[in-house]
Protein chains: 2
Amino acid sequence: MTSGATPKPRTRIQARNSETILEAALEVFSTYGFRGATLDQIAEVAGLSKPNLLYYFPSKEAMHQALLTRLLSTWLDPLRDVKASGDPVTEILGYVRRKVELSRDYPRESRLFANEILQGAPRMREAIEGELKTLVDEKSALLQSWMDQGSIARMPPAHLIFSIWALTQHYADFDAQVRAMLGPDHDPFTEAGDYLDTLFRKLLAP
Amino acid sequence: MTSGATPKPRTRIQARNSETILEAALEVFSTYGFRGATLDQIAEVAGLSKPNLLYYFPSKEAMHQALLTRLLSTWLDPLRDVKASGDPVTEILGYVRRKVELSRDYPRESRLFANEILQGAPRMREAIEGELKTLVDEKSALLQSWMDQGSIARMPPAHLIFSIWALTQHYADFDAQVRAMLGPDHDPFTEAGDYLDTLFRKLLAP
DNA sequence: GTCTATAATGAGATAGAC
DNA sequence: GTCTATCTCATTATAGAC
């Protein structure tokens, strides 16, 4: 019986090497984009030879795909966690906070995603039009119901979600610019956490 | 006497061809990033041969640099236009509106810029740490003075500027995602204009 | 499982005819 | 000024020894 899909975590050493490669691939793809990245760079970062990379993944494309697949669930989980049962403002501010933490702790994942969307989402179109859109529609309806019952201010629900994405991901995606503007004595993500909490509190107030 | 810098608009036909090439280069670079773009693609879009491109620009690098240079002033002008003499809220909301219009009318320029920052600004570091930082420091001081006099709510001025950038550029940079979420019956930029006007009105209210 | 060597193609840039 | 042909090097991927 041959192994199934792209990664093949059969033995312990295989699992570890696959992980090392994906870690290196994330580093390089997130910075240079798919075409800008080279296997030489990834091999260098991973500390493995180029053919060895291709022993674990059948192609450059497969490495990228593996990263995107694993990325999606991490990325959607915080929005999934927004519950109808909770207090509306608390739920939304909690989502904002978790997204800021994601930007702080996983900036490369954020940039990988940004690179992909910037290029028109050629390798993620399906996931975006399917899984993501379904989730956004569902949460938009929840936000709308909160607006209808007067718990939060009335506004286009989808654009409220876009605001959260734009403002939180900006600190990861445009990190180079943010740090250049703030100078070395600032912690962008701590400041962003406080600032965005205040911003959304004001915005949501009915 | 030989021609000076990269573009050489000596005759009318040269000016027109340089323009055609830069237009095509913008199209391709903004989508695929610097390394992802190929001269073949640019030549195809421009309707010229590859060697002909290199007759007008000495290298791929030079085309990219020419685009970034021309981009910067277009990008900074709206912020420069924020005047101390005007009404604070009107000035800021005007800036937001102009930035939304830029995203709507020049989305490729926005994506070119995003690509560059995402990669750590390797070809724009100087301009960002110099020209842009100077301007942001200047306008941050202005915003701070407006906060001190109670004209707008108190918040970190630089982060207020980041908010405007993040929210307006999101609609150009993540256009693929925004349209997938909204569906075909929406005009993202019109909705964004109204939504962001409301958002910043609330945020700025003292 | 991992490596060296290499095939095969892609892509930036140049030569030289027209 | 513009093109065809080509050089040269980078890059993905494979072959085959160990």
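By convention in this document, chain letters (A, B, ...) are assigned in the order of the sequence lines, proteins followed by strands, and residues within each chain are numbered from 1.
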To the nearest Å, how far apart are [X] [atom1] and [N] [atom2]?
{"X": "B/Asn52", "N": "D/dG1", "atom1": "CG", "atom2": "C1'", "answer": "6 Å"}
{"X": "A/Gln14", "N": "C/dT2", "atom1": "CD", "atom2": "C1'", "answer": "13 Å"}
{"X": "A/Arg16", "N": "C/dG1", "atom1": "CZ", "atom2": "P", "answer": "11 Å"}
{"X": "B/Gln41", "N": "C/dG12", "atom1": "CD", "atom2": "C1'", "answer": "14 Å"}
{"X": "B/Ile42", "N": "C/dA13", "atom1": "CD1", "atom2": "P", "answer": "11 Å"}
{"X": "B/Tyr55", "N": "C/dA15", "atom1": "OH", "atom2": "C1'", "answer": "16 Å"}
{"X": "B/Phe57", "N": "C/dA13", "atom1": "CZ", "atom2": "C1'", "answer": "16 Å"}
{"X": "B/Glu44", "N": "C/dG12", "atom1": "CD", "atom2": "P", "answer": "14 Å"}

For A/Glu61, look at atom CD and say whether over 12 heavy atoms of other residues, nucleotides or ligands are found less than 6.0 Å away.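 Yes.
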
Would you say OH of A/Tyr32 has more than 12 non-hydrogen atoms from neighbouring residues, nucleotides or ligands within 6.0 angstrom?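 Open: at most 12 neighbouring heavy atoms sit under 6.0 Å from OH of A/Tyr32.
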
Residue pair A/Val82 / A/Lys139: nearest heavy atoms and the distance that separates them: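 What the structure gives for the nearest pair is O-NZ, 2.7 Å.
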
Any heavy-atom pair between the side chains of [Y] and [X] that's under 4.5 Å?
{"X": "B/Leu26", "Y": "B/Leu112", "answer": "yes"}
{"X": "A/Arg111", "Y": "A/Arg108", "answer": "yes"}
{"X": "A/Arg80", "Y": "A/Asp77", "answer": "yes"}

Short side-chain N/O contact from B/Thr11 to OP1 or OP2 of D/dG1, under 4.0 Å: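 Looking at the OP1 and OP2 atoms of D/dG1, one of them is under 4.0 Å from a side-chain N or O of B/Thr11.
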
A/Ser49 side chain near C/dC3 phosphate (N/O to OP1/OP2, under 4.0 Å):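 Yes, A/Ser49 has a side-chain N/O under 4.0 Å of OP1/OP2 on C/dC3.
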
What is the bend of the helix from C/dG1-D/dC18 to C/dC18-D/dG1 when you compare the axis at one end with the axis at the other, using five pairs each and rounding to 10°?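 Taking five pairs per end, the axes differ by 10°.
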
Member of B/Arg97, B/Arg98, B/Arg104 meeting the side-chain hydrogen bond (donor to acceptor under 3.5 Å, both in side chains) criterion with B/Glu101: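 When side-chain hydrogen bond (donor to acceptor under 3.5 Å, both in side chains) is applied between B/Glu101 and each of B/Arg97, B/Arg98, B/Arg104, only B/Arg97 qualifies.
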
Using a 4.0 Å heavy-atom cut-off to protein, can you give one letter per nucleotide of nucleotides 5-18 of chain D, 5' to 3': B if the base is in contact, S if only the sugar-phosphate is, - if neither? B-----SBBB----

Write out all pairs satisfying ring pair (Phe, Tyr, Trp, His ring centres under 6.0 Å) with one or both partners inside residues 175-196 of chain B, taking only residues at least two apart or from two chains.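 Applying ring pair (Phe, Tyr, Trp, His ring centres under 6.0 Å) to every pair that reaches into residues 175-196 of chain B, excluding sequence neighbours, yields A/His159-B/Tyr195.
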
B/Phe162 vs A/His170 aromatic rings, parallel, tilted or perpendicular, using cut-offs 30° and 60°?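 Tilted: the ring planes of B/Phe162 and A/His170 meet at 30° to 60°.
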
